[in-house]
Amino acid sequence: GNDDVGQMSAWLVFAMLGFYPAEPFSGAYVLGQPMLARAELRLPGGPVVQISGRGATPSWRGRPLLDRQLRHADLVQGGDLVFR
């Protein structure tokens, strides 16, 4: 059946990319460690998010993310998310 309304599929995609909306109301994604070495997200309106690396230390647009969170408002503007 469709007991989870697609939530397991969504979780898998987020997990493979290395981030997840653990608290959707917070407006931020919790960063983990991606399963893919590289991915590209093309967002509506033109912004692109490049995800690369498979390490455990994330940075966004060259700045380390010490709190391991990325705001949705920043993500939708596009940029490079690198895991070292």
Side-chain angles (χ1 to χ4, degrees):
N2 189 20
D3 294 344
D4 69 354
V5 193
Q7 288 303 301
M8 288 301 290
S9 299
W11 173 86
L12 177 61
V13 170
F14 276 115
M16 293 183 81
L17 295 173
F19 61 96
Y20 189 76
E23 298 175 350
F25 56 86
S26 73
Y29 298 95
V30 175
L31 301 172
Q33 191 168 353
M35 294 182 218
L36 304 170
R38 181 173 169 75
E40 180 177 281
L41 305 176
R42 294 180 182 266
L43 305 176
V48 176
V49 176
Q50 297 279 346
I51 302 169
S52 61
R54 294 191 64 189
T57 306
S59 65
W60 175 250
R61 296 183 179 163
R63 292 184 318 237
L65 295 171
L66 302 176
D67 62 356
R68 304 192 61 78
Q69 292 193 9
L70 178 61
R71 294 179 340 124
H72 179 76
D74 293 331
L75 182 79
V76 298
Q77 293 178 18
D80 295 327
L81 178 59
V82 178
F83 292 87
R84 298 187 195 278

N/O donor-acceptor pairs under 3.5 Å from side chains in residues 18-40, not counting sequence neighbours:
{"from": "Ser26", "atom 1": "OG", "to": "Glu23", "atom 2": "O", "distance (Å)": "2.8"}
{"from": "Ser26", "atom 1": "OG", "to": "Ala28", "atom 2": "N", "distance (Å)": "3.2"}
{"from": "Tyr29", "atom 1": "OH", "to": "His72", "atom 2": "ND1", "distance (Å)": "2.7"}
{"from": "Gln33", "atom 1": "NE2", "to": "Arg54", "atom 2": "O", "distance (Å)": "2.8"}
{"from": "Arg38", "atom 1": "NH2", "to": "Gln50", "atom 2": "OE1", "distance (Å)": "3.1"}
{"from": "Glu40", "atom 1": "OE1", "to": "Gln50", "atom 2": "NE2", "distance (Å)": "2.6"}
{"from": "Glu40", "atom 1": "OE2", "to": "Arg42", "atom 2": "NE", "distance (Å)": "2.9"}
{"from": "Glu40", "atom 1": "OE2", "to": "Arg42", "atom 2": "NH2", "distance (Å)": "2.7"}

For Arg68, all residues meeting salt bridge (charged side-chain N to carboxylate O under 4.0 Å, His left out), sequence neighbours excluded: none
task: Starting at CD of Gln69, measure out to CG of Asp74 and round the result to the nearest 0.5 Å.
output: 11.5 Å
query: Do Leu43 and Leu70 sit in the same hydrophobic cluster, where Ile, Leu, Val, Met, Phe, Trp and Tyr count as joined when their side-chain heavy atoms come under 4.5 Å apart?
result: yes
message: Please evaluate residues Leu81 and Leu17 with respect to the criterion side chain to side chain contact (heavy atoms under 4.5 Å, CB included), reporting the C-alpha separation (whole Å), side-chain torsions for both, the decisive distance (0.1 Å), and the verdict.
response: CA-CA 10 Å; Leu81 178 59; Leu17 295 173; over 6 Å; no
- request: Could you name each residue pair satisfying ring pair (Phe, Tyr, Trp, His ring centres under 6.0 Å) that touches residues 38-58, not counting sequence neighbours?
  value: none
- line: Residue pairs passing the side-chain hydrogen bond (donor to acceptor under 3.5 Å, both in side chains) test with at least one member in residues 75-84, sequence neighbours excluded, are none
- prompt: Which residue pairs pass the ring pair (Phe, Tyr, Trp, His ring centres under 6.0 Å) test with at least one member in residues 34-65, sequence neighbours excluded?
  reply: none
- prompt: Is Val48 reachable from Met16 through a run of hydrophobic residues whose side-chain heavy atoms are each under 4.5 Å from the next?
  reply: no
- prompt: Same cluster for Leu12 and Phe14 if Ile/Leu/Val/Met/Phe/Trp/Tyr side chains link at under 4.5 Å?
  reply: yes
task: Might you point out which heavy atoms bring Pro44 and Pro47 nearest each other, and give the distance in Å?
output: O-CD, 3.5 Å
